[in-house]
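Comments concern the structure below.
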2 protein chains.
Amino acid sequence: MEMVTSADNQQIETAKKLKKMFGHIDYKNPPEMCPVRDVLSLASDKWSILIILYLGFFPVLRFNKLKKYVYGISNKVLSERLKALESDGYLTRRMYAEVPIRVEYRLTNFGKNYVDKLIELTEWMQINSPKVLKNKKKFQVK
Amino acid sequence: MEMVTSADNQQIETAKKLKKMFGHIDYKNPPEMCPVRDVLSLASDKWSILIILYLGFFPVLRFNKLKKYVYGISNKVLSERLKALESDGYLTRRMYAEVPIRVEYRLTNFGKNYVDKLIELTEWMQINSPKVLKNKKKFQVK
DNA sequence: AGCACTGGTTACCATTTCCATACTATGTTA
DNA sequence: TAACATAGTATGGAAATGGTAACCAGTGCT
């Protein structure tokens with residue numbers, strides 16, 4: 001008698017998706033464009049994830065407020081990441097010619113869509129991070 | 001009359017999750033441990049994602065084979081990433097004292113679980129990467 | 001016997017990215 | 001007059017990253 005749990009089912013689904021994604025790949029002839037390498041990796045680094053999540057929660061944020069939430073980021077890197085995320089279509093930059101200048105950042109619809117996906121991953125990690133920390137500790141002892 | 005699409009529904013769901021995740025956060029007193037900063041970011045960089053996805057597709061891989069699939073990675077970084085991913089519990093390292101030495105890497109159940117989540121993100125990006133590329137191009141013209 | 005070869009990893013140095021700090025512009029406030 | 005505010009840029013040093021070469025110890029070739 002076989003037991004098929006929903007976890008098993010998900011792994012079968014995942015296997016299918018992986019097959020679709022990698023099944024045809026010949027490592028001697030890598031494709032010219034790889035979505036994970038060339039696109040996802042530009043928006044899945046630590047800082048970009050945090051920026052996008054905070055903009056998911058607060059619809060509008062200005063530079064310095066964002067910097068406070070994404071604590072630890074430097075001006076340069078924040079500025080750089082914001083430019084990159086804007087040019088990739090995740091967020092918009094709206095500048096008001098006031099004094100002092102005011103610049104507002106907010107997610108595009110595409111960015112909101114990305115948050116939907118990202119949040120699933122971060123939520124999972126929030127639940128599972130204790131396991132990781134426990135494992136890391138166990139590993140250090142060895 | 002209001003129209004509520006499933007996309008709207010998902011964004012409402014996301015908003016709830018974000019609220020749960022960030023609603024209590026006071027940026028003047030950041031928490032000591034942040035799952036995104038301290039755990040996820042160690043397994044969501046470009047190389048780790050690729051390593052984990054390939055190990056999701058090929059149940060067992062040895063160092064050099066992995067290096068061929070994750071083309072472009074240096075020995076040093078691959079070695080380092082594998083160690084980190086092992087210590088965080090995503091994969092196991094099995095060494096055979098043969099000559100030449102043989103080392104096999106495979107995902108743990110936890111790692112397989114992570115792939116399930118990761119694949120949803122990469123799949124989404126695979127579908128949407130053309131939009132990003134298009135946007136990037138449009139942005140350069142400006 | 002000498003020598004190249006193997007696979008996984010480390011050592012070394014050059015390059016790139018990163019962070020902290022100071023600084024810019026302009027007008028308002030004390 | 002000095003301090004403050006905003007949204008950054010400039011700078012110098014620290015840290016991460018990349019490429020290349022070396023290492024081990026046994027095996028097969030000459």
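Numbers restart at 1 for each chain; the letters A, B, ... are given by sequence-line order, proteins then strands.
Within 6.0 Å of NZ in A:K136 there are more than 12 heavy atoms belonging to other residues, nucleotides or ligands.
Here A:R93 reaches the OP1 or OP2 of D:dG8: one of its side-chain N or O atoms lies under 4.0 Å away. Listed pair A:R62 / D:dA7 meets the phosphate criterion, a side-chain N or O lying under 4.0 Å from OP1 or OP2. Checking the phosphate oxygens (OP1, OP2) of D:dA16, no side-chain nitrogen or oxygen of B:W47 falls inside 4.0 Å. Within the 4.0 Å cut-off from OP1 or OP2 of C:dT21, not a single side-chain nitrogen or oxygen of A:S74 is found.
How far CG of B:L55 is from CG of B:L91: 6.0 Å, rounded to the nearest 0.5 Å.
For B:P100, the listed nucleotide lying nearest its side chain is C:dT6; candidates were C:dC19, D:dG18, C:dT6. Considering only the side chain of A:V77, C:dC18 comes nearest among C:dG8, D:dG8, C:dC18. Proximity note for A:V103 (side chain, C-beta onward) versus D:dA7, C:dC19, C:dG8: the nearest is D:dA7. Distance from the side chain of A:K83 is smallest to D:dT9 among D:dT6, D:dT9, C:dC18. Minimum atom distance to the side chain of B:N64 is reached by C:dG8, of the listed C:dG8, C:dC13, D:dA7. Between C:dT26, C:dC19, D:dT9, one nucleotide has an atom nearer to the side chain of A:V99 than all others, and that is C:dT26.
Between the side chain of B:N75 and the base of D:dT20, no donor-acceptor pair of N or O atoms lies under 3.5 Å.
Residue contacts shown for B:E80 are limited to sugar-phosphate atoms, with no base heavy atom under 4.0 Å away. Looking at heavy-atom distances under 4.0 Å, A:Y105 makes contact with sugar-phosphate atoms alone, never a base. Residue-level contact check: B:E104 touches neither bases nor backbone, having no heavy atom under 4.0 Å from any strand.
Taking the six-membered ring for Trp, B:Y71 and B:W47 have ring centres at least 6.0 Å apart. Ring centroids of B:F57 and B:Y69 are separated by 6.0 Å or more, keeping the two rings apart.
For the pair A:G111 and A:T108, the tightest heavy-atom approach, listed with the atom from each and the gap, is N-OG1, 2.9 Å.
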